[in-house]
Amino acid sequence: MTLRIGNFSGFYGDRFDALREMLTGGEVDVLTGDYLAELTMLILARDRLKDPSAGYARTFLRQLEDTLGLAHEKGVRIVTNAGGLNPAGLADAVQQLAGRLGLPVRVAHVEGDDLTARHPGSLAAHAYLGGFGIAECLRAGADVVVTGRVTDAALVTGPAAAHFGWKPTDHDRLAGAVVAGHVLECGAQATGGNYAFFTERDPRELRRPGFPLAEIQPDGSCVVTKHPGTGGFVDVGTVTAQLLYETGGARYAGPDVTARLDTVRLTQDGPDRVRIEGVRGEAPPPTLKVGRNRLGGFRNEVVFVLTGLDIEAKAALVREQMSDALAASPPADVRWDLARTDRPDADTEETASALLRLVVRDPDQQKVGRVLSGAAIELALGGYPGFHVVAPPGKGSPYGVFEDVYVPQGDVGHVAVLDDGRRITVDPPQDTAVLDDVPPPAPPEPLPPGPTVRAPLGRVVGARSGDKGGNANVGVWARTDDAWRWLAHELTVERFRELIPEARELPVTRHALPRLRALNFVVEGILGEGVAAQARFDPQAKALGEWLRSRHADIPEVLL
């Protein structure tokens with residue numbers, strides 16, 4: 001009864017040949033492709049403005065051209081959210097491809113997520129649907145299921161519910177599948193990619209990590225693994241890192257179920273095998289999240305290179321000159337960031353240089369276009385000594401804003417559209433529960449006093465970070481019980497703010513997950529209006545966790 005579900009895409013632009021690798025590398029029953037992110041929805045929305053028939057991930061079609069026959073031959077079903085803003089269009093294109101290849105492939109799709117018409121001024125507004133529409137398609141015999149905006153984990157909960165016959169009230173089983181789906185959704189991040197302790201592995205092992213798969217059982221437990229002979233590795237650390245990625249507290253809410261991350265148990269089950277069990281589930285919340293993308297205005301930027309001596313004085317001079325030039329028609333938002341990448345007595349010009357970044361935003365493109373570029377370039381012979389820029393500023397480009405709102409589950413028409421045109425309405429869950437925070441667990445006993453060493457946090461803890469709209473999360477975990485005892489007491493919200501100065505004036509919430517030996521910090525507003533607005537140097541907070549690991553603390557000697 002084991003259901004083997006593998007992943008072949010973690011984002012729009014992931015490894016092109018991963019679908020073939022997963023089909024040829026070992027046994028698998030279902031393959032899932034995740035193409036959608038907040039930024040991707042905006043990209044697809046802009047594509048649709050140019051061409052109403054667009055709005056889906058075109059690379060998926062190209063991947064299928066030489067793999068659809070192989071998938072059909074092996075009896076592997078494919079489930080993907082590559083439909084984006086136009087799942088019906090992609091489903092039709094896949095059916096046409098199957099016809100050209102002479103393959104009797106049944107293609108179904110899921111719709112109902114598109115709420116753009118209800119949100120005037122939005123380029124795209126889509127509800128995050130659950131997995132039961134996918135399940136209906138598979139139960140009806142679909143070989144390929146195309147969706148629009150569903151939760152990433154729904155790509156796994158849907159096939160699991162169809163295979164095992166789960167009902168919406170099977171909360172524990174569904175929660176186990178949600179956790180499995182969350183581990184799989186980002187592809188190689190579960191098999192050693194982007195992993196904090198990568199230096200402990202043979203570099204040859206990490207050149208081309210394989211993609212993950214989960215062996216799911218009828219009770220919702222699973223083993224996360226990968227095909228034999230593929231690169232990368234799967235251990236408790238890689239799975240822990242992915243579990244913490246882009247999550248919040250102990251309750252991980254979705255449209256099908258709320259999974260309790262504080263109940264997850266991970267054990268090494270052999271080489272490249274991690275068992276996930278014990279996951280408890282609760283009724284889902286009564287509302288669905290809707291991701292809304294709109295144009296926020298126009299942005300432009302210029303990066304000034306400051307070399308050698310008097311870096312601060314050079315930065316002050318160019319700021320004053322640019323402020324004077326922009327004073328007649330100042331942009332609505334002006335941000336300066338000085339990155340001191342320079343070193344004293346440097347042996348290369350690049351390492352003797354700092355970068356001063358100016359970003360401007362305004363609803364009026366004129367205020368961020370020629371006004372800025374002209375002002376910057378006119379300083380070429382009248383600015384600081386050594387004046388040059390990384391690249392000339394352009395005319396200004398549109399930027400997007402991501403917002404999330406919530407609507408009652410019953411307000412969204414979740415529909416499975418079968419290959420013969422039949423439409424099956426998916427009823428919202430009858431059993432729901434308002435989402436409340438879990439009371440913080442009691443901290444572990446602190447380590448006994450002893451000598452300490454000033455060293456980077458990353459010597460003893462791992463981290464992974466990511467974005468959710470304008471917020472960022474930083475998951476931090478320890479690999480031993482003693483390191484967890486120290487971490488739980490050392491890294492308070494106050495200490496986090498000390499180590500990450502950007503967070504000092506922002507709301508920060510700490511969530512403890514003792515079974516994972518982990519803390520998860522959510523920093524509200526650090527990303528401004530979301531990744532498309534590019535409000536900071538690292539607009540998706542992908543490296544925020546690595547910055548935290550590089551900060552120094554007084555670490556007990558016994559842990560080093």
I'd like to know if the side chain of [X] and the backbone of [Y] have a donor-acceptor N/O pair within less than 3.5 Å.
X      : Y      : answer
Glu490 : Ala488 : no
Asp172 : Asp219 : no
Asp272 : Val234 : yes
Thr80  : Val146 : no
Ser9   : Tyr35  : no
Thr230 : Gly210 : no
Glu38  : Lys468 : no
Thr32  : Leu155 : no
Gln242 : His182 : yes
Arg201 : Gly192 : no

Gap between atom [atom2] of [Y] and atom [atom1] of [X] - 0.5 Å precision:
X      : Y      : atom1 : atom2 : answer
Ile500 : Arg551 : CD1   : CZ    : 6.5 Å
His171 : Asp256 : NE2   : CG    : 9.5 Å
Leu213 : Leu3   : CG    : CG    : 10.5 Å
Asp427 : Gln409 : CG    : CD    : 11.5 Å
Leu184 : Asp34  : CG    : CG    : 10.5 Å
Thr147 : His109 : OG1   : NE2   : 10.5 Å

Is there a side-chain contact between [X] and [Y] in this structure, where contact means two heavy atoms from C-beta onward sitting under 4.5 Å apart?
X      : Y      : result
Asp29  : Ile5   : no
Leu506 : Glu524 : no
Met41  : Leu85  : yes
Thr509 : Asp437 : no
Val156 : Ile216 : yes
Arg173 : Phe164 : no
Asp467 : Glu246 : yes
Leu36  : Leu44  : yes

_Under-4.0 Å salt bridge between Arg479 and Asp482_ = no
*asked:* Can you tell whether the side chains of Glu215 and Arg275 come within less than 4.0 Å, N to carboxylate O?
replied: no
*Going through the distances and angles, do Leu548 and Val461 end up as a side-chain contact (heavy atoms from CB on, under 4.5 Å)?*
CA-CA 10 Å; Leu548 178 66; Val461 301; over 6 Å; no
Where [X] and [Y] come nearest, the two heavy atoms and their spacing:
X      : Y      : answer
Leu138 : Arg77  : O-NH2, 2.8 Å
Leu288 : Pro255 : CD2-CB, 3.4 Å
Ala553 : Leu457 : CB-CD2, 4.0 Å
Thr247 : Val522 : O-CG2, 4.2 Å
Thr240 : Leu516 : CG2-O, 4.1 Å
Ala483 : Val460 : CB-O, 4.4 Å

*asked:* For Tyr56, does the six-membered ring have the charged nitrogen or CZ of Arg58 within the cation-pi criterion, i.e. under 6.0 angstrom from the centroid and within 45° of the normal?
replied: yes
For atom [atom1] of [X], is the number of surrounding heavy atoms from other residues, nucleotides or ligands below 6.0 Å larger than 12?
X      : atom1 : result
Phe197 : CZ    : yes
Arg454 : CZ    : yes
Glu557 : CD    : yes
Phe537 : CZ    : no
Arg15  : CZ    : yes

*Gln217 and Thr2: side-chain donor and acceptor closer than 3.5 Å?*
yes
*Distance-only donor-acceptor check, side chains Asn520 and Asn473, under 3.5 Å*: yes
*Any chance you could lay out the salt bridge (Lys or Arg N to Asp or Glu O under 4.0 Å) test for Arg495 and Glu498, step after step, and finish with the verdict?*
CA-CA 5 Å; Arg495 186 77 175 105; Glu498 290 176 10; 3.0 Å; yes
*asked:* Is there a side-chain contact (heavy atoms from CB on, under 4.5 Å) between Leu244 and Leu261? Walk through the geometry before answering.
replied: CA-CA 9 Å; Leu244 296 172; Leu261 298 183; over 6 Å; no
*What's the verdict on side-chain contact (heavy atoms from CB on, under 4.5 Å) for Asp235 and Tyr195, showing C-alpha distance, side-chain angles and the deciding distance?*
CA-CA 11 Å; Asp235 66 13; Tyr195 184 56; 4.1 Å; yes
_Phe11 vs Thr40, test: side-chain contact (heavy atoms from CB on, under 4.5 Å). Steps then yes/no._
CA-CA 8 Å; Phe11 68 100; Thr40 312; 6.0 Å; no
*Go through the steps for Glu27 and Arg4 under the test salt bridge (Lys or Arg N to Asp or Glu O under 4.0 Å), then give the verdict.*
CA-CA 8 Å; Glu27 293 300 315; Arg4 293 171 62 87; over 6 Å; no
_Check against salt bridge (Lys or Arg N to Asp or Glu O under 4.0 Å), Glu546 and Arg549_ = CA-CA 5 Å; Glu546 286 301 293; Arg549 291 182 70 236; 3.1 Å; yes
